[in-house]
Amino acid sequence: MNVLVTGGTGYIGSHTCVELINSGHSVIVADNLCNSKVEVIDKIRQITGKDVIFYKIDVTNEKAVNSIFSSHQIEGVIHFAGLKAVGESVKNHCHIITTTF
């Protein structure tokens, strides 16, 4: 199964990616790296021995998210993209996007 993991370079997201890959799934990661580092993708590859597709995007960018869905046959989404504290979210005006599949 192709699984999109938003926030996949964060602590919980990256561990989820490893478990998904070890369970036989293909992982596509979307993350804007505001609270993480791109080097996490290499660590996931090192741990699993498998490739990970990575997109440096903000998931509030509807066009970028739609592009990922157009480029891959996504069968599941696990959403971890978000700020850690309510104050950060309010201050940075997080947006909710809706997409019709």
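Everything numeric here is computed off the predicted structure, so don't read it as measured data.
- The backbone N or O of Q73 sits less than 3.5 Å from a side-chain atom of N2, completing a donor-acceptor pair.
- Here the CG atom belonging to N32 is positioned 8.0 Å from the OG1 atom belonging to T9, to the nearest 0.5 angstrom.
- One finds the CD atom of E19 at 10.0 Å from the CD1 atom of I47 (value rounded to the nearest 0.5 Å).
- Residues V29 and M1 are members of one and the same hydrophobic cluster, defined by side-chain heavy-atom contacts under 4.5 angstrom among Ile, Leu, Val, Met, Phe, Trp and Tyr.
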Inset, instruction - Please lay out, stage by stage, how L4 and I78 fare under the test side-chain contact (heavy atoms from CB on, under 4.5 Å). - result: CA-CA 6 Å; L4 173 63; I78 302 176; over 6 Å; no
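- No path of Ile, Leu, Val, Met, Phe, Trp and Tyr side chains, each step under 4.5 Å between heavy atoms, connects V38 with I28, placing them in separate hydrophobic clusters.
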Legend entry - Test side-chain contact (heavy atoms from CB on, under 4.5 Å) applied to V3 and E75, step by step: CA-CA 6 Å; V3 181; E75 299 167 277; over 6 Å; no
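- For K56 and D31, the salt-bridge test fails: no basic side-chain N is under 4.0 Å from an acidic carboxylate O.
- Panel note: side chain S71, backbone I68; no donor-acceptor pair is recorded below 3.5 Å.
- Among all heavy-atom pairs drawn from V59 and A81, the shortest one is CG2-CB, 3.9 Å.
- I41 CD1 to S14 OG: the interatomic distance, rounded to the nearest 0.5 Å, is 8.5 Å.
- In this structure, SG on C17 lies 12.0 Å from CD1 on I12, to the nearest 0.5 angstrom.
- Put simply, NE2 on H15 and CZ on F80 are 11.5 Å apart, with the number rounded to the nearest 0.5 Å.
- Side-chain atoms of S70 come within 3.5 Å of backbone atoms of N66 as a donor-acceptor pair (strictly under, hydrogens ignored).
- A distance of 14.5 Å separates OG1 of T6 from OH of Y55, quoted to the nearest 0.5 Å.
- When each of V27, L20, V5, I21 is tested with I44 by the rule side-chain contact (heavy atoms from CB on, under 4.5 Å), just one qualifies, namely I21.
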